[in-house]
Amino acid sequence: MISGNPLAELRKECEALLKGAMGSLRMEEALIKHFAFEKPPVWEFGQLATSICFELAKQAGEKPLALAQRLVQAVDKARLQLVKEVSAAGGYINFHVNFEQFSALTIESVRKLDAEYGLVKVEKPQKIIVEHTSVNPLHPIHIGQARNPMLGDALARMLSARGHTVFRHYYVDDVGRQTAVIAYGYEKLGKPKPTEKPDHFIGKIYTVTSCLVEINRLKRELERAKMVSADEEMAKISRELDDWVSVAFELKQKCPDLFERLLEKIGEDPDPEKSISELNKAYETGDERAKRLIREVSQLCLEGFKETLSRAGVFYDSWDWESDLVWSGLVAEALRKLRQTPFVTFLGGVLEFEAGKVVDVLALRERLGLRKDYEVPSLTLVRADGTTLYTTRDIAYTLWKFNKADKCINVIGMEQSLAQLQLKIALYALGFKDYAENLVHFAYNLVTLPGYKMSSRRGRYITLDEVLDEATRRAYEEVSKRSPQLSDEGKRKVAEIVGIGAVRYALVEVDPAKPVEFNWDRVLNFEKNSAPYIQYSHARACSILRKAARKPEKPDYRLLKEKLEQELVFALAEFPETFVEAVETLKPNLIADYANALADKFNTFYNAFPVIKAEPLELSDARLALVDAVRIVLRNSLNLVGITAPERM
RNA sequence: GGGCGGGUAGCCUAGCAAGGAUAGGGCGCAAGCCUCCUAAGCUUGUGGUCGUGGGUUCAAAUCCCACCCCGCCCGCCA
């Protein structure tokens, strides 16, 4: 017999036995809302348990323990299959697995279903867009942002494995002042050819330009403040200026040539600030020169991103340019529709969206989980100069996405929670209730650097490239030490798999709601609770199978009598349910945890018992099959979070 | 001021939606284990007012209320 979800079979049997027992005692099934089975704290208590007797005891006017004992008595022993024994203890009813049956069912199912084992499909597949990464094309992806693609890609893989049709979208945010800043600097330099990885190259120009323009602007403001002798204002500006001057000092040391040239060129411009906002405006209106320039810089930067991300195993189905939404009129269209609602007003020359009013009028408070008196702030849709704002364009983008999908998951930092809420409210306001309810903001917390705050504008960051390089370098050292027999190419391959796995795992393993403090020890962890640890366990399993040099032809699963073996079997059986839970709650870290726990059990087993040399042959074969099943599940779970499982390392 | 998220051993972290038996791991520290399928491993020990105080319940890390600490947001930035 084969099952895609052995644990569910067991659960079903437990439930049937329990209902049967209740029936024979003339107890109403309806007394119990749903039959929840939990894992007892100690293996010896059994593998599944229920605490319904605590609840039932009240109505029955009986002690929980006595009731549990009566129910256990009433269980129809003739119907036991996957369950060996039912017992009562402390008011709980414990179900002990019949491993003679269950081991065979589980191991055979895993080996038969192989790459599909555990990946339980949904009944109604949806079209889902996962929008992730979407780093602005201004500078290389830094480690603070790297959590996003790792989470987004893991989610996409998980949803796809669940049977959904998943599209991975990258939203290229090329509209806005920042892109104009980099394009401005790039043009001032005469559109130079990159002398290094293009996103790093762009990043330097961006930071220096941005810094010089900022200093220029602050100096002017300081002058202005002096004229009207606004002391407080002056002090504030001076502080900001000091900050940027120290940034300038850092940058001048880091890239002196670039700094000097930009200083000179920008110095020639009487009003850089103005040039930049003009460029920004020209781009939004679709001016050809601006288009060519900004697209060129953005494209250059994206090339760098693609290189980094594909190295990390992250790919996209669609690159959506924000500017296309503006030029094609979709943004204008969305604005027109919004204006027809009673929630948009002119206020001080700008167009405002009154999100708070929508919440009250459409009675969305409870649905959105908002507090009683909380008033959602209004959102400015259009600037006084007629240009649009980020969230406005995001409204148009979201409408566009819902033309292609049933559900949209936005992997965006939690600092944008309010904007994402306003976006959702805008969908309600437009009458797209269905869209609003299928829009998910997958919020995650920041990665911080101890000591100072990472700042892309200030050029203070650790790039993902650096981290990947360092991780693979370290992995190469390790592989060379441990597997000197491998060819250099072989070592490099393994090092890449292990190093990148380590980084991905570190960024996916923690609850996305919690901030992660970056430190090399965390990311370069090659010991327990890391990708390399799980990968190592997988390689060990492969190694056993390779050395055995035979298929397990006559396994006798009844011989798997050791507690460790049975625990391992049970863990394998749990995988499908862990997978389903992880996908339904969008928690990639559950998969990472599961894989780590399985690796843990496997290593204990590995250490305790021989496999190839086990006697008799039927036991050796049974263990071989078990090892094979562990291998499959380790690989499947690692793959779900985008980590490759090497066969040797 | 308001909103959101977080607070679990020296450090990091799981569990919280669906309350259940002895709160799982990891790092660190201490002591062991390679003539045996990869020691990136295994075993043992060490360490906890689950932020604080109330409440609900047979049962609270988990639910409710209040408060404290940390982070983020409340822009004609993205």
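Within every chain, numbering begins at 1; the chains are lettered A, B, ... in the order of the sequence lines, protein sequences first and strands thereafter.
With hydrogens and angles left out, the side-chain atoms of D394(A) and Y171(A) include no donor and acceptor closer than 3.5 Å. Side chains of T179(A) and D174(A): a donor-acceptor N/O pair is absent below 3.5 angstrom, by distance only. In the model, R460(A) has no side-chain atom that pairs as donor or acceptor with a side-chain atom of S455(A) under 3.5 Å. Checking N410(A) against H441(A) by side-chain atom types alone, no donor-acceptor pair falls below 3.5 Å. For the residue pair N603(A)/S537(A), the side-chain donor-acceptor check at 3.5 Å is satisfied. Judged by distance alone, the side chains of Y170(A) and D320(A) never bring a donor and an acceptor atom under 3.5 Å apart. Side-chain contact, T207(A) with H139(A): no donor N or O sits under 3.5 Å from an acceptor N or O.
Using a 30° and 60° split on the angle between ring planes, F35(A) and F37(A) fall in the parallel class, below 30°.
Evaluation of the salt bridge (charged side-chain N to carboxylate O under 4.0 Å, His left out) rule for E509(A) yields no partner, not counting sequence neighbours. By the side chain to side chain contact (heavy atoms under 4.5 Å, CB included) test, A8(A) is found to be paired with N5(A), E577(A), residues two or more places apart in sequence or in another chain being considered. Considering only residues two or more places apart in sequence or on other chains, F602(A) meets the ring-ring contact (aromatic ring centres under 6.0 Å, His included) condition with none of them.
Residue V479(A) is in base contact, counting any heavy-atom pair closer than 4.0 Å across all strands shown. Residue S530(A) is classed as having no contact, given no heavy-atom separation below 4.0 Å to the nucleic acid. Residue-level contact check: L421(A) touches neither bases nor backbone, having no heavy atom under 4.0 Å from any strand. Counting non-hydrogen atoms under 4.0 angstrom, V498(A) reaches a base of the nucleic acid. Residue contacts shown for G348(A) include a base, since a base heavy atom lies under 4.0 Å away.
Of the residues in residues 131-142 of chain A, those with a non-hydrogen atom less than 4.0 angstrom from any atom of RNA chain B are N136(A). Heavy-atom distances under 4.0 Å link RNA chain B to Y390(A), R393(A) of residues 390-398 of chain A, given in residue order.
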Taking N or O atoms only and anything under 3.5 Å, show me the protein contacts with nucleotides 33-37 of chain B, one pair per line.
unit_1, atom_1, unit_2, atom_2, d
C37(B), O3', K547(A), NZ, 3.3
C37(B), O2, I612(A), N, 3.3
C37(B), N3, V611(A), N, 3.2
C37(B), N4, Y606(A), O, 2.6
C37(B), N4, F609(A), O, 2.3

Kindly give the atom pairs (protein nitrogen or oxygen, nucleotide nitrogen or oxygen) under 3.5 Å for nucleotides 5-7 of chain B.
unit_1, atom_1, unit_2, atom_2, d
G5(B), O2', A513(A), O, 3.3
G7(B), OP1, K514(A), NZ, 2.9

For nucleotides 21-23 of chain B, tabulate all protein N/O to nucleotide N/O atom pairs closer than 3.5 Å, reporting atom names and distance.
unit_1, atom_1, unit_2, atom_2, d
A21(B), O4', Y92(A), OH, 3.4
A21(B), N6, N94(A), OD1, 2.7
A21(B), N1, N94(A), OD1, 3.3
A21(B), N1, N94(A), ND2, 3.3

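Residue E581(A) places a side-chain atom within donor-acceptor reach of the base of A17(B), judged by atom type and a 3.5 Å distance cut-off alone.
Against the 90° criterion about 0, the sugar-base torsion of C29(B) places it in the anti range.
Between the OH atom of Y533(A) and the CD atom of E527(A) there is a distance of 11.0 Å, given to the nearest 0.5 Å.
Picking from C12(B), U43(B), C76(B) the nucleotide with the shortest atom distance to the side chain of T380(A) gives C76(B). In this structure, of G2(B), C77(B), C27(B), it is C77(B) that holds the atom nearest to the side chain of R383(A). Checked against G2(B), U38(B), A14(B), the side chain of D593(A) finds its nearest nucleotide in A14(B). Of the listed nucleotides (U38(B), U13(B), C76(B)), U38(B) has the atom at the smallest distance from the side chain of M649(A).
Computed from coordinates, the E527(A) CD to G26(B) C1' distance equals 10 Å when rounded to whole Å. Here the P atom of nucleotide G25(B) and the CG atom of L590(A) are 18 Å apart, to the nearest Å. In this structure, the CD atom of E375(A) is 19 Å from the P atom of G1(B), given to the nearest Å. Atom-to-atom, NE2 of H441(A) to C1' of G3(B) comes out at 15 Å; the value is rounded to the nearest Å. Between L634(A) atom CG and U38(B) atom C1' there is a gap of 15 Å when expressed in whole angstrom units. For F518(A) and C11(B), the CZ to P distance is 21 Å, given to the nearest whole Å. Taking atom CD of Q416(A) as the reference point, atom C1' of G71(B) lies 16 Å away to the nearest angstrom. What separates CZ of R522(A) from P of G28(B) is a distance of 15 Å, to the nearest Å.
The phosphate of G71(B) (OP1 or OP2) has no side-chain N or O of T448(A) nearer than 4.0 angstrom. Listed pair K481(A) / A39(B) fails the phosphate criterion, with no side-chain N or O lying under 4.0 Å from OP1 or OP2. Taking only side-chain nitrogens and oxygens, Y533(A) comes nearer than 4.0 Å to OP1 or OP2 of C42(B).
T50(A) contributes a side-chain N or O that, together with a main-chain N or O of I52(A), makes up a donor-acceptor pair within less than 3.5 Å. A donor-acceptor pair is defined here as one N or O able to donate and one able to accept, closer than 3.5 Å; such a pair exists between the side chain of R383(A) and the backbone of T388(A). At least one donor-acceptor pair closer than 3.5 Å links the side chain of E565(A) to the backbone N or O of E562(A).
By the neighbour-count criterion of 12 heavy atoms within 6.0 Å, atom CD of E366(A) is sparsely surrounded, having that number or fewer from other residues, nucleotides or ligands. By the 6.0 Å contact criterion, CD on E496(A) is enclosed, its count of non-hydrogen atoms from other residues, nucleotides or ligands being greater than 12. Summarising the local packing, CD of E567(A) is surrounded by more than 12 heavy atoms from other residues, nucleotides or ligands at distances under 6.0 Å.
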Symbol by symbol from the 5' end, with Watson-Crick or G-U pairs under 3.5 Å, [ ] crossing and | another strand, RNA chain B is (((((((..((((......[...))))((((((.......))))))....(((((..]....))))))))))))....
Would you be so kind as to tabulate the donor-acceptor pairs closer than 3.5 Å made by side chains of residues 511-519 of chain A, with sequence neighbours excluded?
unit_1, atom_1, unit_2, atom_2, d
D511(A), OD1, A513(A), N, 2.9
N519(A), OD1, D521(A), N, 3.3
N519(A), OD1, R522(A), N, 2.8

Name every donor-acceptor pair, under 3.5 Å, that has one atom in a side chain of residues 586-598 of chain A and the other anywhere in the protein, sequence neighbours excluded.
unit_1, atom_1, unit_2, atom_2, d
Y594(A), OH, A571(A), O, 2.6
N596(A), OD1, N529(A), N, 3.3

Nucleotides 56-67 of chain B: protein proximity per nucleotide (B base, S sugar-phosphate only, - neither; heavy atom, under 4.0 Å)
--B---------
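Distance check on atom P: U46(B) versus A23(B) gives 15 Å, rounded to whole Å.
Between E273(A) and R177(A), at least one side-chain N (NZ, or NE/NH1/NH2) sits under 4.0 Å from a carboxylate O, which counts as a salt bridge.
The side-chain tip of R458(A) points at the ring of W244(A) from less than 6.0 angstrom away and within 45° of straight on.
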